[in-house]
Amino acid sequence: MRRKIVAGNWKMNKTVPEAVELSRRFRELFEADHLEVDVVLCPPFVHLVPVREVIEGSRIALGAQNLHWEERGAFTGEISAEMLLSSGCRFVIVGHSERRQYFGETDEVVNRKVRRALMSGLTPIVCVGETLDERKAGRTESVVERQVRGAFAGMGRDEIARTVIAYEPVWAIGTGVNATPEQAQEVQRFIRQLIEELAGRDVAAGLRIQYGGSVTPANARDLMSQPDVDGALVGGASLKADSFYEIVRAASLAS
Ligand code: 13P
C-alpha cells in the first residue's frame, strides 16, 4: 500500500512573517491528529529557513519549488541542490508547468534537474500534464508520455524509484476546474504503466503519483480515493492552514 503524500506549493505568495504564521497554524492542526499521511510544505526560497524553524521536530517535511542543475558557480539568481539541503529541504518540485510555460523549461532541462536532485539526495516531485488544446486534440497520453520519458531519460530503476510524480493537467491549475476523479485515474494509471515499462513492476507499484490542479477540501477525498492517485500537489488551497489541513485529512480518509 502506498502511503499518501500531500504537498503544498505556495508558488510566489506570502511574506516571510505570513509564511511563518501559516506554517505555525498548520503545524498546530496537523499535530492534533496522527494522520498517516506524508506532508510537504513548498514555500518560496527565502521562506525555507524560517519555515524550517517552525516545523522542526514535527512530521512535516520541507520542499523547494525549483533548483538549478549545476552544482555551484556563476549562475546569478539560481539556487543549488546543496543550498536546499542545507536549508532543510528533502523535496523539490521539478518541471512545474509554470516553469515550463514562463521560464522555458524543456524536457531536457527537467531531466538535468531531476538528476541533480537525486544525486544530492533530494526527492524530486516531477510534474507532468497536458494543456487544454492538447487534451482537446486527443494528445493527452502522448504529451504525458513524452514528459515522463524525457524526465527520466538515461536513468535506472533505482533512481526512478526515488521520485514522486505529480500529474497536473495545465487546464486544471488555478482555474477552479479540477480533473474528475475518473480523468485523473485514467492518466495516472497510464503513467504507472509507463513507469512499469521504464523501471519494472516493483518500482511502478511503489511509486507515488500525486494529482494537482484545483484540489480543494471538497474534491480531495474523491480524487485521492482513485487507485492510482496517491496524494495531491496543492496550490491555492495550501495558502490557508485550514483548507490545506482538510485536504491532508481527506488523504488519510481516502487511504
Ligand atoms: P491550484 O491548486 O491552485 O490549482 O494549483 C495547482 C498547482 O499548480 C500545484 O503545483
Side-chain angles (χ1 to χ4, degrees), residues 4-14 18-19 22 26 37-45 47-48 51 61-67 84 89-103 105 110 113-114 117 122-132 134-135 140 143-144 147-148 151 163-181 183-184 187-188 191 208-224 226 229-251 254:
K4 297 265 194 278
I5 177 166
V6 177
N9 174 8
W10 296 1
K11 307 191 181 183
M12 196 174 73
N13 292 293
K14 305 284 178 191
E18 287 167 350
L22 171 57
F26 176 74
V37 177
D38 290 338
V39 176
V40 189
L41 300 183
C42 303
F45 292 131
H47 304 12
L48 288 171
V51 168
L62 194 62
Q65 300 173 16
N66 185 26
L67 82 169
L84 298 182
C89 289
R90 285 179 37 215
F91 293 84
V92 60
I93 297 170
V94 178
H96 191 281
S97 65
E98 288 150 16
R99 302 284 328 161
R100 295 178 190 257
Q101 187 179 348
Y102 305 128
F103 303 98
E105 287 195 8
V110 172
K113 291 186 172 190
V114 171
L122 288 164
T123 299
I125 299 176
V126 183
C127 301
V128 298
E130 80 288 359
T131 64
L132 188 56
E134 288 163 345
R135 175 164 281 261
T140 298
V143 167
V144 167
Q147 291 172 333
V148 170
T163 69
V164 172
I165 295 179
Y167 169 56
E168 295 208 316
V170 179
W171 48 271
I173 295 177
T175 58
V177 183
N178 59 284
T180 64
Q183 285 172 323
V187 179
Q188 297 193 198
I191 293 171
R208 294 184 292 181
I209 307 176
Q210 298 173 312
Y211 166 78
S214 296
V215 175
T216 65
N219 60 29
R221 187 171 174 180
D222 283 350
L223 283 159
M224 288 187 276
Q226 295 294 318
V229 181
D230 308 313
L233 182 53
V234 186
S238 73
L239 296 173
K240 291 206 175 92
D242 298 29
S243 54
F244 188 57
Y245 172 68
E246 285 305 319
I247 292 169
V248 173
R249 240 167 57 84

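Indexing begins at 1, ligand by ligand and atom by atom, following the structure's order.
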Quiz item: Could you give the distance from OG1 (T163) to CZ (F91), rounded to the nearest 0.5 Å?
Solution: 11.0 Å
Self-check item: With sequence neighbours excluded, residues passing ring-ring contact (aromatic ring centres under 6.0 Å, His included) with F26
Solution: F30, F244
For [Y], does its backbone N or O pair with a side-chain atom of [X] as donor and acceptor, under 3.5 Å?
X	Y	answer
K11	G235	no
R100	C127	yes
D38	A61	no

Between ligand 1 and the protein, which N/O pairs fall short of 3.5 Å?
unit_1: ligand 1; atom_1: 2 (O); unit_2: G235; atom_2: N; d: 2.9
unit_1: ligand 1; atom_1: 3 (O); unit_2: G236; atom_2: N; d: 2.8
unit_1: ligand 1; atom_1: 4 (O); unit_2: G174; atom_2: N; d: 2.6
unit_1: ligand 1; atom_1: 4 (O); unit_2: S214; atom_2: N; d: 2.7
unit_1: ligand 1; atom_1: 5 (O); unit_2: K11; atom_2: NZ; d: 3.3
unit_1: ligand 1; atom_1: 8 (O); unit_2: K11; atom_2: NZ; d: 2.8
unit_1: ligand 1; atom_1: 8 (O); unit_2: H96; atom_2: NE2; d: 2.8
unit_1: ligand 1; atom_1: 8 (O); unit_2: E168; atom_2: OE1; d: 3.3
unit_1: ligand 1; atom_1: 10 (O); unit_2: N9; atom_2: ND2; d: 3.0
unit_1: ligand 1; atom_1: 10 (O); unit_2: H96; atom_2: NE2; d: 2.9
unit_1: ligand 1; atom_1: 10 (O); unit_2: E168; atom_2: OE1; d: 3.2
unit_1: ligand 1; atom_1: 10 (O); unit_2: E168; atom_2: OE2; d: 2.9

Quiz item: With no hydrogens and no angle check, do the side chains of H96 and Q65 hold a donor and an acceptor under 3.5 Å apart?
Solution: no
